[in-house]
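Contents: one structure, followed by commentary.
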Amino acid sequence: MAMIRPETEMKNSGVQWLGNIPKEWSVGKVKHEFYATKTIVGDKVNDYERLALTLNGVIKRSKDAGDGLQPEKFDGYQILKEHELVFKLIDLANVSTSRVGLSPYTGIVSPAYIVLHHRKDMNPRYGEYYFLLI
């Protein structure tokens with residue numbers, strides 16, 4: 001967790017349980033900071049590597065992998081870009097995978113995943129941290 005320097009000027013957040021926050025911070029709704037994207041790769045499937053969300057974050061995964069859920073074709077997969085958040089809300093009983101991750105890569109992921117892109121100057125790493133905690 002980030003430490004706030006003692007000399008940081010603070011302001012009231014306007015949220016009772018939150019208290020004071022650094023002056024340059026703002027408080028807002030998640031829906032104002034992130035939006036869902038879904039870009040199907042289609043015939044450009046060979047231009048992208050396959051990605052998977054794991055307990056170790058987003059990793060590169062072979063299109064020929066024999067383990068886990070495997071489609072016949074990948075043209076229905078969606079594009080996940082570097083610094084976007086990805087959510088896996090399927091197969092929730094599988095405790096060997098994560099539910100959210102920040103992608104260090106651009107590639108393709110299952111169309112069942114939810115991809116969020118951050119707006120403006122939002123730090124996507126904060127978004128990952130936030131969603132891991134809730």
Side-chain angles (χ1 to χ4, degrees):
M1 186 163 140
M3 298 294 292
I4 297 174
R5 295 184 181 131
E7 67 273 6
T8 301
E9 191 173 342
M10 305 294 278
K11 69 178 181 180
N12 186 315
S13 69
V15 179
Q16 184 177 355
W17 63 266
L18 187 54
N20 290 335
I21 60 175
K23 185 179 179 181
E24 65 275 2
W25 288 14
S26 63
V27 176
K29 295 184 178 189
V30 171
K31 71 180 182 178
H32 295 152
E33 301 300 332
F34 297 94
Y35 61 94
T37 62
K38 190 163 199 163
T39 306
I40 302 300
V41 69
D43 60 0
K44 295 184 180 187
V45 67
N46 292 326
D47 295 346
Y48 294 93
E49 293 184 87
R50 180 184 184 191
L51 304 175
L53 180 58
T54 71
L55 286 175
N56 294 319
V58 176
I59 63 166
K60 293 180 180 180
R61 183 170 181 213
S62 169
K63 291 178 184 169
D64 299 322
D67 59 326
L69 302 172
Q70 190 74 357
E72 284 185 30
K73 302 186 311 183
F74 294 93
D75 58 346
Y77 267 41
Q78 63 182 316
I79 297 171
L80 172 66
K81 295 179 182 172
E82 183 179 0
H83 305 302
E84 288 183 327
L85 291 167
V86 62
F87 292 80
K88 177 183 177 259
L89 301 177
I90 57 171
D91 194 21
L92 296 177
N94 183 354
V95 296
S96 65
T97 63
S98 181
R99 305 295 174 253
V100 63
L102 179 64
S103 184
Y105 311 109
T106 294
I108 56 173
V109 294
S110 168
Y113 288 6
I114 296 170
V115 174
L116 287 187
H117 187 78
H118 63 281
R119 297 184 192 272
K120 307 177 204 156
D121 59 352
M122 165 62 66
N123 183 335
R125 181 137 330 267
Y126 169 79
E128 178 186 36
Y129 180 74
Y130 172 82
F131 287 112
L132 284 170
L133 291 178
I134 62 168

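No experiment lies behind these values; they were computed from the predicted model shown.
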- Note on the structure: Of all heavy-atom pairs linking Ile40 and Asp75, the shortest is CG2-O, 3.3 Å
- Query: Taking the side chain from Glu128 and the backbone from Leu102, do they hold a donor-acceptor pair closer than 3.5 Å?
  - Reply: yes
- Query: Of the non-hydrogen atoms in Ser13 and Gly19, which two are nearest, and what is the gap between them?
  - Reply: OG-O, 2.6 Å
- Message: Applying a strict under-4.5 Å side-chain criterion to I, L, V, M, F, W and Y, I'd like to know whether Tyr105 and Val115 cluster together.
- Response: yes
- Message: Could you check whether Phe87 and Phe131 have their ring centres less than 6.0 Å apart?
- Response: yes
- Note on the structure: What one should report as the nearest heavy-atom pair of Gly101 and Val58 is C-CG2, 4.3 Å
- Query: CD1/Ile21 to CE/Met10 distance, rounded to the nearest 0.5 angstrom?
  - Reply: 7.5 Å
- Arg125, CZ atom: more than 12 neighbouring heavy atoms under 6.0 Å: no
- Kindly check if the number of other-residue, nucleotide or ligand heavy atoms within 6.0 Å of CD (Glu24) is above 12? yes
- Task: State the OH-CG distance between Tyr77 and Leu51, to the nearest 0.5 angstrom.
- Result: 10.5 Å
- Message: Does Lys81, at its NZ atom, have more than 12 non-hydrogen atoms belonging to other residues, nucleotides or ligands within less than 6.0 Å?
- Response: no
- Message: To the nearest 0.5 Å, what is the distance between OG1 on Thr8 and NZ on Lys23?
- Response: 12.0 Å
- Message: Has Arg50 got a side-chain atom pairing as donor or acceptor with Ile108's backbone, closer than 3.5 angstrom?
- Response: no
- On a heavy-atom basis, the closest approach of Pro124 and His83 is CB-O, 3.4 Å
- Message: If hydrophobic clusters are built from ILVMFWY residues whose side chains come within less than 4.5 Å, do Phe74 and Ile79 share one?
- Response: yes
- Note on the structure: d(Glu49 CD, Arg61 CZ) to nearest 0.5 Å is 13.5 Å
- Message: Quick check on Lys38: does its NZ atom have over 12 non-hydrogen neighbours (other residues, nucleotides or ligands) under 6.0 Å away?
- Response: yes
- Message: Between Lys88 and Ala52 (side chain of the first, backbone of the second, donor and acceptor by atom type, cut-off under 3.5 Å), is there such a pair?
- Response: no
- Query: Are the side chain of Gln78 and the backbone N or O of Val41 linked by a donor-acceptor pair below 3.5 Å?
  - Reply: no
- Closest heavy-atom pair and its distance - Thr37, His117: CG2-CB, 4.1 Å
- Message: What's the separation between atom OG1 in Thr106 and atom CG in Leu80, rounded to the nearest 0.5 Å?
- Response: 7.0 Å
- So if you build clusters from Ile, Leu, Val, Met, Phe, Trp, Tyr with side-chain heavy-atom gaps below 4.5 Å, do Tyr48 and Val45 land together? yes
- Task: Heavy atoms only: give me the nearest Asn12-Gly14 pair and the separation to one decimal.
- Result: OD1-N, 2.6 Å
- Measure from the ring center of Phe34 to the ring center of Tyr130 and say whether it is less than 6.0 Å. no
- Linking I/L/V/M/F/W/Y whenever any side-chain heavy atoms sit under 4.5 Å apart, do Leu85 and Tyr35 land together? no
